[in-house]
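Chain identifiers are assigned alphabetically (A, B, ...) following the order of the sequence lines, protein sequences preceding nucleic acid strands; residue numbering begins at 1 within each chain.
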Amino acid sequence: MTDAVVSLEDVRFRYPGGEFELELEELRISAGEVVACIGPSGSGKSTLLHLMSGILLAGDGRVRFDDVEWSSIGEAERRRRRISRIGLVFQEFELLEHLSVRENVLLPYFVDPDLVPGNAERERVAELARAAGLESLLDRRPRELSQGERQRVATCRALVTRAPLILGDEPTGNLDPETSRRVVDLLLSDVRARAATLVVVTHDHSLLDAFDRVIDLPRIVRHSNRGAST
Amino acid sequence: MKFTLLLAWRYIAHHRLKSALLVACVTLVFLLPIAVSRLVDAYGANLMARAEATPLVVGAPGSRYDLVLNALYFRGRVPAPTSRAESDAIAESGLALPIPLLARRTAGGFPLVGTSHDYFAFRDLDFVAGGSPALLGEAAVGARAANELGVGVGDTVLTDEGSLYDLTLDYPLRLRVVGVLRETGTPDDLAVLVDVKTAWIVEGIGHGHLAAEAESSDRILSRGTDEVVLGAATFEHAEITEENIDEFHFHGDAAAYPLTAIIVVPHDAKSATILKGRYRVSETAQLLATTEVIDEILGFVLRLKRFFDANAVLVAMATALFLVLLVMLSVRVRQREIETLEKIGCARLTVAKILGTELVLVVGTGLALSLGLGLLAARLFARSYGFF
């Protein structure tokens with residue numbers, strides 16, 4: 001047992017057939033920690049989040065989440081753990097256009113047979129919508145929303161299951177400074193209230209003061225990149 | 001499952017036009033085969049039921065199909081005529097009850113069927129109003145014919161001429177409707193039934209006019225000791241009434257009066273066998289077991305249907321391949337959406353279930369529509385052609 005929610009040791013990862021290779025000696029993120037990762041484009045920020053969430057498996061080394069090494073469990077179990085215990089926010093929001101805002105927020109419950117939305121979950125959606133200022137937009141479609149509103153919906157989707165680990169892949173990358181601050185505040189207020197762990201990769205240095213720890217990726221990650229993108 | 005269905009339905013509803021096009025495509029592919037299959041089944045069942053209710057038919061030698069179809073449905077090509085003598089011979093044999101049929105003309109656009117009173121009992125025909133025709137010039141009208149003609153008891157129906165410009169044809173006869181039949185779902189619904197003598201009058205074998213003594217002299221061409229020859233200007237009655245019914249009469253050899261068919265109702269199985277034996281060697285008439293002839297017709301129809309079915313299977317396979325291609329393209333177009341689902345932890349099986357449910361809903365709706373519309377089209381087509 002360790003006190004880290006996520007830990008990476010002697011990790012080496014290369015995309016199949018790709019030129020990009022990431023090497024990382026050690027990274028440990030403790031429970032309740034709020035961490036920002038910064039680094040230039042191509043430094044492996046998204047790859048790192050994908051390794052943490054078990055979307056990608058490291059070729060060498062160990063990536064653990066909740067004391068379980070991702071490579072030691074099967075694909076189905078990795079997905080099951082991810083949907084119930086990790087919330088993901090993407091730069092491009094990735095909302096389903098044919099679902100309403102409410103349904104997009106509840107999406108993890110719709111696609112996992114183990115998660116059944118009841119009254120508590122509906123109340124959770126209402127609570128997140130209030131916090132995100134989306135109360136009046138719950139029945140709208142994503143195309144009817146602004147960029148900032150869409151990202152707040154995507155953030156609520158990541159938070160709805162009360163997952164102990166929230167990962168943000170440049171969640172403010174497409175937003176203006178004011179909206180970026182609002183999205184980060186939404187993430188931080190919920191995560192801190194639940195003592196959950198938050199890891200956000202970002203370019204936006206103006207937001208870093210809100211985080212407990214800032215990791216400068218180029219300092220801990222060695223990578224070679226002869227053309228491939230992360 | 002509930003949420004899989006919800007997600008699938010939301011996608012379909014969001015892409016209404018695309019979904020509607022796919023549903024229409026599936027509907028059109030299956031509509032015709034379903035309608036044809038249903039129609040052929042109904043056609044076969046109907047033909048066979050009518051044939052089983054009319055086991056034996058006698059008629060002149062010639063096309064067996066024309067004879068049976070005319071005797072059962074009063075439609076199609078008119079068979080060569082047999083004679084009243086044939087009917088009398090069957091009656092005199094004591095082996096069967098003959099029911100004469102003469103169905104070569106129409107009245108109000110519907111087959112005019114000359115027959116005997118026995119026909120109504122044989123077919124178990126019931127009346128919603130009035131009764132069977134007893135006198136010359138009286139008619140009983142089938143339920144749908146009465147409805148379409150808008151006639152009831154006390155109204156009249158005119159017989160039709162074959163050609164407006166053929167001056168040699170007889171004048172139309174005005175028939176008095178004395179009965180309207182209850183709907184039976186058989187060709188009787190679309191027929192105008194009269195006594196066979198009335199049908200002979202319609203065919204010009206009998207007619208009614210003033211007695212020669214009462215005719216004006218300019219219409220009498222010659223007067224012999226035994227006969228009077230009247231000119232073409234002689235006025236013939238166009239309607240048979242109580243006042244003129246006694247002036248109607250027939251010319252020629254009564255035994256030779258034509259019939260298109262004779263329904264034969266044997267008194268028992270032995271009588272039927274004897275009759276079949278007699279007609280096997282007859283050169284003037286043929287006796288047909290209607291079910292055998294209908295079997296032959298259905299055999300031909302089913303061979304055609306098999307060809308059609310094979311074609312339908314090929315079209316269905318082509319559609320299935322087209323749908324596979326469409327699903328593959330759809331998966332590519334929706335790759336990002338699928339990746340998002342997979343990234344948040346959705347199982348591949350769940351993604352497949354969502355896509356599969358969408359396909360099942362679209363194809364299922366198309367099939368349900370093609371089934372409903374196919375059955376409806378078959379029914380409408382069957383009704384318009386007198387099959388039920």
Side-chain angles (χ1 to χ4, degrees), chain A residues 46 49-50 52-56 65 70 74-117 121 139 141-143 154 157-161 163 165-167 169, chain B residues 1-26 323-366:
Chain A
S46 296
L49 285 193
H50 287 175
M52 285 181 180
S53 59
I55 293 172
L56 297 175
F65 167 64
W70 280 122
E75 169 77 13
E77 178 61 15
R78 284 202 301 276
R79 285 170 186 267
R80 200 187 64 73
R81 280 172 175 266
R82 195 157 65 239
I83 201 163
S84 59
R85 298 190 59 74
I86 299 176
L88 284 156
V89 190
F90 308 101
Q91 182 178 357
E92 299 291 341
F93 325 137
E94 311 296 356
L95 301 177
L96 301 193
E97 295 296 325
H98 51 278
L99 300 182
S100 68
V101 167
R102 187 194 311 276
E103 289 162 346
N104 263 292
V105 173
L106 281 168
L107 187 62
Y109 288 97
F110 292 163
V111 296
D112 186 349
D114 295 335
L115 298 175
V116 181
E121 285 68 33
D139 294 320
R141 303 282 164 185
R143 67 170 180 272
R157 180 180 65 193
L159 298 173
V160 73
T161 57
L165 175 62
I166 306 295
L167 301 175
D169 189 357
Chain B
M1 187 60 203
K2 178 177 147 193
F3 296 118
T4 304
L5 196 62
L6 172 80
L7 292 175
W9 173 246
R10 285 281 189 266
Y11 184 84
I12 288 169
H14 186 72
H15 298 90
R16 285 183 201 90
L17 184 61
K18 184 184 123 185
S19 306
L21 281 173
L22 272 173
V23 167
C25 169
V26 174
L323 283 175
V324 168
L325 179 69
L326 207 68
V327 169
M328 286 165 69
L329 287 174
S330 177
V331 167
R332 281 185 74 166
V333 168
R334 298 170 68 183
Q335 194 57 45
R336 192 158 167 177
E337 174 192 333
I338 292 167
E339 277 175 11
T340 301
L341 288 172
E342 290 186 350
K343 275 181 185 173
I344 67 171
C346 179
R348 278 195 183 135
L349 181 64
T350 305
V351 174
K353 274 185 190 169
I354 294 168
L355 297 177
T357 306
E358 286 170 14
L359 194 64
V360 166
L361 283 175
V362 167
V363 174
T365 307

Can you check side-chain contact (heavy atoms from CB on, under 4.5 Å) on E337(B) and L96(A), steps first, answer last?
CA-CA 7 Å; E337(B) 174 192 333; L96(A) 301 193; 3.3 Å; yes

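Taking 4.5 Å as the heavy-atom cut-off, the residues of residues 85-93 of chain A that approach chain B are L88(A), F90(A), E92(A), ordered by number.
Proximity to chain B is absent for every atom of R81(A), based on heavy atoms less than 4.5 angstrom apart. At a 4.5 Å heavy-atom cutoff, the contact between R157(A) and chain B is made by side-chain atoms alone. Both the backbone and the side chain of E97(A) come within less than 4.5 Å of a heavy atom in chain B. For chain A, the nearby part of L6(B) is the side chain; its heavy atoms alone come within less than 4.5 Å. Within the 4.5 angstrom heavy-atom criterion, no atom of E339(B) approaches chain A. Only the side chain of L341(B) comes within contact range of chain A, with at least one heavy atom under 4.5 Å from a heavy atom of that chain.
In this structure a side-chain-to-backbone donor-acceptor pair under 3.5 Å is missing from R336(B) to E94(A). Within the 3.5 Å criterion, the main-chain N or O of C346(B) finds a donor-acceptor partner in the side chain of R79(A).
Using cut-offs of 30° and 60° for the angle between ring planes, the H98(A) and H15(B) rings count as tilted.
Contact between Y109(A) and F3(B) at its shortest, heavy atoms only, is O-CD1, 4.3 Å. Taking every heavy atom of both residues into account, R10(B) and E103(A) meet most closely at NH2-OE2, 2.6 Å.
Taking L107(A), D112(A), L95(A) one by one and counting their heavy-atom pairs under 4.5 Å with chain B, the maximum is reached by L107(A). Most heavy-atom pairs under 4.5 Å with chain A, from the set L7(B), T350(B), L349(B): that is L7(B).
Distance check: S53(A) OG to K343(B) NZ gives 9.0 Å after rounding to the nearest 0.5 Å.
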